[in-house]
Amino acid sequence: MGVYLLLYLQSSINNPFRYVREYVAKVVQSELRRLGFDVDFSDVYSTLEIPPDESLGDLAFPVFKIAKKFKQNPLTLASTVTFNIQQCKHVLVKRVKAVKGYVNFFINTAELAKILFESIRSLGENYGFVKVEKPLRIVVEHTSANPVHPLHIGHCRNAIIGDTLARLLKLRGHKVETRFYINDMGRQVATLVYGYTVLGKPKPKGKPDHYLGLIYAITNTIIEIDRLKSEIEKCKKSNEYEKVREKLRELDELISVASELRSRDRELFDKLAEKLKGRDHESEISRLMREYEFRESKETVETFREVCSLVIQGFKETLSKLGITFDKWDWESDIAWSGLVRKLIDLAKSRNLITLYKGALALNLKDVQEDPDVREKLKLPSFNIPPLILMRSDGTTLYTTRDVAYSLVKFENADKVINVIMNEQRLEQLQVRLALAALGYRRQAYNQIHYVYEIVKLPGFKMSGRKGRYITMDEAIEEAIVRARVEVDKRNPTLPARVREEIAKSVGLGALRYAMISVSATKPMIFEWDRVLSLEVNSGPYIQYAHARAVNILQKYGKPVDYDRIDYSAAEETQRRRRLVKLLSQMPEVFSRAADELKPEYIVEYLGKVAEEFNAFYTEDPVIGEPDEGKRNFKLALVEATRIVLRNSLNALGITAPERM
RNA sequence: GGGCCCGUAGCCUAGCCUGGAUAGGGCGCCGGCCUCCUAAGCCGGUGGUCCGGGGUUCAAAUCCCCGCGGGCCCGCCA
């Protein structure tokens, strides 16, 4: 028992269910050892599982592996172990039963409840957030949308995933830094600058990112149309009619895009079309890019910065509505201007890694791909990744090259870097890591995680910033709040307007955040208002509602819970109470796994279960009306524990827990 | 052509990494429950070739191989 006591002191107070596992694992291990089977504690611990049906038990040890290892009949072994365990008394174990090769344990829930309540009482708003022993410095780069249009619902998924990961890691005890990469050197920003300049740099009407986004989409579409038209002429001259037909179809599509855009702001569209007429777009945009990268023109530099700053101002406004902020905003151009990109190219030269690919300066990735250590650590696919082109013929650099440099910047003060970037960029992200490895930056190559998420589609089509076809994040947020407000007004017409508005915000934003992480990131998502902004079961509001009910009971009761007069036998009286006690004790485990494996959806799933159990408990087991004082105190403590678990878990996901709704 | 991701009831989704006991939820549909802590709720019913076929294993939704369907990538774009 001395060992158990020690374990109790170590882990029970902040992680009740883990303590139960350790306790049971210890019991199993010592029985097996007594029988002459030498097994590791950690093996037994990790083999324990929760039975599919609680009538089988609360925790189970399948003996199959061990039976095989020691050449025993699994059924007999399970029975023997069970019989032996039954010979001693174990505080936390109520009953043991052997079933078809499993040793099934029934937990003494009254004892578990004691530990749980003690933990809740002493930790309160920190309950569940178990810290890692060795904190890491972790950078989470996310959102990083091109500063040429407003954030749309695709970025919304990215932002919410990234922000949630950062929250989890921070609560886990890591030192987290969030970063936004401002991709201001690409062709896209140059295109916007081009359109913005020919218009005479107009002052934005309305939200700047929305206004500039429209200018960008119009400029881009007109350029594309002009390009297609000249290509069609070329093909006609060379009698390539198949191609002509194909391009005409493309042109048709673009013209309908143009008409959509024109209907959004006729005056702006016509003016832009007028100003762009007859210009050589390609060479003007290339000139702008050159002038910016090499800082050849002060005016160009200022215009690029001005345009990006305006859009970013819009980003910040949007993100702040969801409570998302960044520690650092990194300008791609700053990295290029710092000379770091140049240094990397020199490094590649000195290491003899430069090759010519398609006539351009490129990084040889052949040797690094053959390194078995690299192959394994980077999980390389079984095909050859061609050399990475570092520079255009005109001497300007490319996105991927600058991204390699940016990786080094992110790693300056970090042990690990997590990039939340869509699936489309998988190969590019792999190339970055491969390039890092080739250049000798193994630490960076191996500790950079590409956190992949799939794009968000609209029911009919794919969103496109270039075509101006998107649902903006601002619209989504607004709509979410509006929908929630309708419900709040219906249910609580007597509350002051200010309070109703606050609840509507909490519920609407909660629904949005919950929906965005309740689907695994690698699954494509189709955005439908009714699904994303659901206010029903298995939604953010469902969880919040359970929380509000818990708060309501405690408020109605009006006094603090009396933990000294609890009749713990109440814990064993109903299945519902047992389940709640077990579930609530599991929060620390669930949270830790979610943070360590970067899977916030574990918490979503867990919250669903807790809310469901609590709602059922709420309807079938009156708390305040309980006549027996000891039992009433038990129930009150259970409600308090539920309240804290729900609130803490919601907060970990960036969702607020309203006290009433 | 090559590579990566996804495929679980009419629809959405968990479980897959680390194989275990009758595959969990939700939406929808059908039927019940507010003189009692907020019905954004609860209870019951309906609905499954876990894409298909092989293999490994005492045991496969889960691991391996071969296919099928959908998405994405393979640019001196980002």
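Residue numbers start from 1 in every chain, and the chains themselves are labelled A, B, ... in the order their sequence lines are given, proteins ahead of strands.
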Pairing check on [N]: which nucleotide meets the Watson-Crick or G-U wobble criteria with it, both distances under 3.5 Å?
N	answer
B:rA14	none
B:rG19	none
B:rU57	none
B:rG44	B:rC30
B:rC4	B:rG71

Measure from [atom1] on [X] to [atom2] on [N] and round the result to the nearest Å.
X	N	atom1	atom2	answer
A:Tyr557	B:rC36	OH	P	22 Å
A:Ile603	B:rA14	CD1	P	16 Å
A:Lys609	B:rG15	NZ	P	11 Å
A:Leu598	B:rC17	CG	P	18 Å
A:Met525	B:rA14	CE	P	10 Å
A:Asn615	B:rC34	CG	P	18 Å
A:Glu224	B:rC77	CD	P	13 Å
A:Gln544	B:rA39	CD	P	17 Å

(message) Does A:Asn104 contact B:rA21 through a side-chain donor or acceptor facing the base, at a distance under 3.5 Å?
(response) yes

(message) So A:His142 and A:Ile161, do their side chains get closer than 4.5 Å, heavy atoms only?
(response) no

Using only heavy-atom distances, determine whether the side chains of [X] and [Y] contain a donor-acceptor pair under 3.5 Å.
X	Y	result
A:Asp394	A:Thr396	yes
A:Asp184	A:Tyr292	yes
A:Arg500	A:Asn492	no
A:Asn220	A:Thr191	no
A:Gln188	A:Tyr216	yes

Between [N] and [M], how far is it from one [atom1] atom to the other, in whole Å?
N	M	atom1	value
B:rG10	B:rG52	P	14 Å
B:rA9	B:rU46	C1'	11 Å
B:rG45	B:rG26	P	12 Å
B:rC50	B:rG15	C1'	11 Å
B:rU49	B:rU8	C1'	12 Å
B:rG19	B:rG1	C1'	36 Å
B:rU22	B:rA61	P	11 Å
B:rG70	B:rG28	C1'	25 Å

Classify [X] by what it touches in the nucleic acid, base, sugar-phosphate, or nothing, heavy-atom distance under 4.0 Å.
X	answer
A:Ser539	nothing
A:Ala546	nothing
A:Ser393	base
A:Asp43	nothing
A:Tyr399	base
A:Val604	nothing
A:Gln555	nothing
A:Gly186	sugar-phosphate
A:Ala67	nothing
A:Asp184	nothing
A:Tyr618	base
A:Asn384	nothing
A:Arg466	base
A:Glu601	nothing

(request) Decide, for B:rC34, between syn and anti: a glycosidic angle within 90° of 0 counts as syn, anything else as anti. (result) syn

(request) Mark up nucleotides 68-73 of chain B, 5' to 3', with B wherever a protein heavy atom is under 4.0 angstrom from a base atom, S wherever such an atom reaches only the sugar-phosphate, and - elsewhere. (result) ---SSS

(request) Compare side-chain N and O positions of A:Arg187 against OP1 and OP2 of B:rC76 and report whether any pair is under 4.0 Å apart. (result) no

(request) Can you label the angle between the A:Phe614 ring and the A:Phe617 ring as parallel, tilted or perpendicular, going by 30° and 60°? (result) tilted

(message) Parallel, tilted or perpendicular, judged at 30° and 60°: which one describes the rings of A:His149 and A:Tyr470?
(response) tilted

(request) Take A:Arg643 and A:Glu640, measure what salt bridge (Lys or Arg N to Asp or Glu O under 4.0 Å) needs, and give me the verdict at the end. (result) CA-CA 5 Å; A:Arg643 195 201 109 227; A:Glu640 171 75 355; 2.8 Å; yes

